[in-house]
Number of protein chains: 2
Amino acid sequence: MLKLTRKVEYALIALRHMQAMKPGKLTSAKEIAEAYGLPQQLLAKTLQQMARDRIIEAVQGPSGGYRILSNLDKISLKDFFEKLEGPLGIMDCYFDSDCVQIGACNIRVPIQRINENMRNMFSKMSLREVTQ
Amino acid sequence: MLKLTRKVEYALIALRHMQAMKPGKLTSAKEIAEAYGLPQQLLAKTLQQMARDRIIEAVQGPSGGYRILSNLDKISLKDFFEKLEGPLGIMDCYFDSDCVQIGACNIRVPIQRINENMRNMFSKMSLREVTQ
DNA sequence: TTAAATACGATAAAAATAGTCGTATTTATT
DNA sequence: AATAAATACGACTATTTTTATCGTATTTAA
Ligand code: FES
Ligand code: FES
């Protein structure tokens, strides 16, 4: 319950791997996939998404790969999760308000409170804390 | 991402409903299901589980139903979630340690940290806060 | 005796997640 | 110029998890 997806898991593993190596050095998806036994194509997609989000930088061509681009101190875990997976919240009545029983519902307000606590918690943690 | 399940959602709605009525008064699964447009059988199962967990009390027979049993102030959201859904954590390498890549994994420690923050946060919130 | 309620295992349906495939593009190397 | 190794990405398939239903048993007030 309240689990991370594989996508996020793979992203964190990859970031931590890159963080541990010499700054600026490139790492390929294949390299990471083999090192941790991850499905290469899926990992690649995740890396590509992070590249689109400007968290990492992609270099094409042979001997290409990825390297960390942003200052990971400046990215909160909340932003990171939301970039990869969309809005963060224990229930999504707040984002796509197509919840069938809106109006009848009696837990919106308390859930809102929990959501805020969660978002607040993940806002205070930086991606760096996880990858270093 | 990091979403509550319907089971927990229905449980909260039901508890909040019961909390709002005269103490000791019974409410049937049917009544709640109709009031909020929930699938009755599924709601019933959730209520039955809460009864097994001694959060609410079940009374059988016609004009039976459920009523709040425990002091909701004394139940943390963490315990509540875990009763309904099992161990709470952003990743389950800690509970069922059958994670394929244990050993190779490089994010166990940081994830542990996040898990603790989450558990801590939900330990500090009582079920009462959500249902009142 | 009946009917309205809980109890609960088994199963089905639906949705979300995870993973693969095929093909295109980029570019260092030869 | 050709080759090969890498990223890019949409479409598809498979798997898992979640959600919902079904069928039947039990309890008990009326
Ligand atoms: S409005 Fe969606 S559960 Fe309350
Ligand atoms: S992801 Fe399972 S051990 Fe790290």
Side-chain angles (χ1 to χ4, degrees), chain A residues 1-11 13-14 18 25-34 36-67 69 81 84-87 90-92 96 98-101, chain B residues 1-11 13-14 18 25-34 36-67 69 81 84-87 90-92 96 98-101:
Chain A
M1 182 191 200
L2 299 174
K3 292 282 181 315
L4 249 44
T5 60
R6 293 272 182 238
K7 202 156 116 184
V8 173
E9 176 183 341
Y10 298 162
I13 290 176
M18 291 189 252
K25 186 148 185 312
L26 290 168
T27 314
S28 72
K30 190 178 180 197
E31 198 179 318
I32 299 174
E34 283 174 356
Y36 302 97
L38 312 180
Q40 179 179 333
Q41 304 236 57
L42 188 50
L43 170 66
K45 288 197 156 185
T46 306
L47 292 167
Q48 285 156 26
Q49 182 167 359
M50 284 198 285
R52 281 192 298 270
D53 291 336
R54 314 280 302 153
I55 295 168
I56 61 180
E57 180 186 24
V59 175
Q60 286 194 320
S63 80
Y66 303 89
R67 65 164 74 99
L69 178 61
F81 288 163
L84 291 184
E85 300 283 0
I90 224 147
M91 208 166 255
D92 33 30
D96 55 345
D98 61 345
C99 183
V100 214
Q101 58 149 29
Chain B
M1 183 196 198
L2 299 173
K3 290 282 181 315
L4 248 46
T5 60
R6 294 273 182 237
K7 201 156 116 186
V8 174
E9 176 183 341
Y10 298 162
I13 290 176
M18 290 189 252
K25 186 150 184 311
L26 291 168
T27 315
S28 73
K30 190 179 181 197
E31 196 179 319
I32 299 174
E34 283 174 355
Y36 302 97
L38 312 180
Q40 178 178 334
Q41 304 237 57
L42 188 52
L43 170 66
K45 289 201 154 182
T46 306
L47 292 167
Q48 284 155 26
Q49 183 167 359
M50 285 199 283
R52 281 193 298 270
D53 291 335
R54 313 280 302 154
I55 296 169
I56 61 180
E57 179 186 25
V59 174
Q60 287 194 319
S63 80
Y66 303 89
R67 64 165 74 100
L69 179 60
F81 288 162
L84 291 183
E85 300 282 0
I90 225 147
M91 208 166 255
D92 33 30
D96 54 347
D98 61 347
C99 183
V100 215
Q101 57 150 27

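The chains referred to below are lettered A, B, ... by the order of the sequence lines, with proteins before strands, and numbering in each begins at 1.
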Could you check whether any side-chain heavy atom of Phe81(A) comes within less than 4.5 Å of a side-chain heavy atom of Met1(B), counting everything from C-beta outward?
yes
Ser63(B), nearest nucleotide to its side chain (from dA6(D), dA7(C), dA29(D)):
dA29(D)
How close or far is atom P of dT19(D) from atom CG of Leu43(B), stated in whole angstroms?
14 Å
Are Arg67(A) and Ile56(A) close enough that some pair of their side-chain heavy atoms sits under 4.5 Å apart?
no
Of all heavy-atom pairs between Ala51(A) and Ala58(A), which one has the smallest distance, and what is that distance?
CB-CB, 4.2 Å
Mind checking whether Ile32(A) and Gln40(A) have side chains closer than 4.5 Å, heavy atoms only?
no
Is Tyr10(B) close enough to dT19(D) that one of its side-chain N or O atoms is under 4.0 Å from OP1 or OP2 there?
no
Tell me the interatomic distance from Arg6(A), atom CZ, to dT17(D), atom C1', rounded to whole angstroms.
12 Å
With nearest nucleotides of DNA chain D determined for Tyr66(A) and Pro62(A) from heavy-atom distances, which residue corresponds to the more 5′ nucleotide?
Pro62(A)
Between dA20(D) (P) and Leu47(B) (CG): distance, integer Å:
14 Å
Atom-pair distance (CD on Gln49(A); P on dG19(C)), nearest Å
15 Å
Between dT17(D) (P) and Leu2(A) (CG): distance, integer Å:
16 Å
Where each residue is assigned the nucleotide of DNA chain D containing its nearest heavy atom, which of Val59(A) and Met1(A) is assigned the position nearer the 5′ end?
Val59(A)
Check every atom of dG19(C), dT27(C), dG23(D) against the side chain of Gln41(B) and return the nucleotide holding the closest atom.
dG23(D)
Let's see if you can work this out: which of dA29(D), dT26(D), dC9(D) has an atom nearest to the side-chain heavy atoms of Gln48(A)?
dC9(D)
When you measure from the side chain of Lys30(B), which nucleotide among dA20(D), dG19(C), dA5(C) comes out closest?
dA5(C)
Rounded to the nearest Å, what distance is computed from the CD atom of residue Glu9(A) to the P atom of nucleotide dT16(D)?
15 Å
Find the distance Leu26(A):CG to dA5(D):P and express it as a whole number of Å.
17 Å
Using a 4.5 Å cut-off on heavy atoms from C-beta on, say whether the side chain of Glu9(A) contacts that of Thr5(A).
no
Taking any heavy-atom pair under 4.0 Å as a contact, classify Ala44(A): base, sugar-phosphate, or nothing.
nothing
Separation of dT18(D) P from Lys7(B) NZ (nearest whole Å):
10 Å
Distance below 4.0 Å between Arg52(B) side-chain N/O and dC8(C) OP1 or OP2
yes
On DNA chain C, nearest-nucleotide positions of Gln40(A) versus Gln60(A): which is more 5'?
Gln40(A)
Between the base of dG9(C) and the side chain of Lys45(B), is there any donor-acceptor pair under 3.5 Å?
yes
For Ala29(B), which contact category applies under a 4.0 Å heavy-atom criterion: base, sugar-phosphate, or nothing?
sugar-phosphate
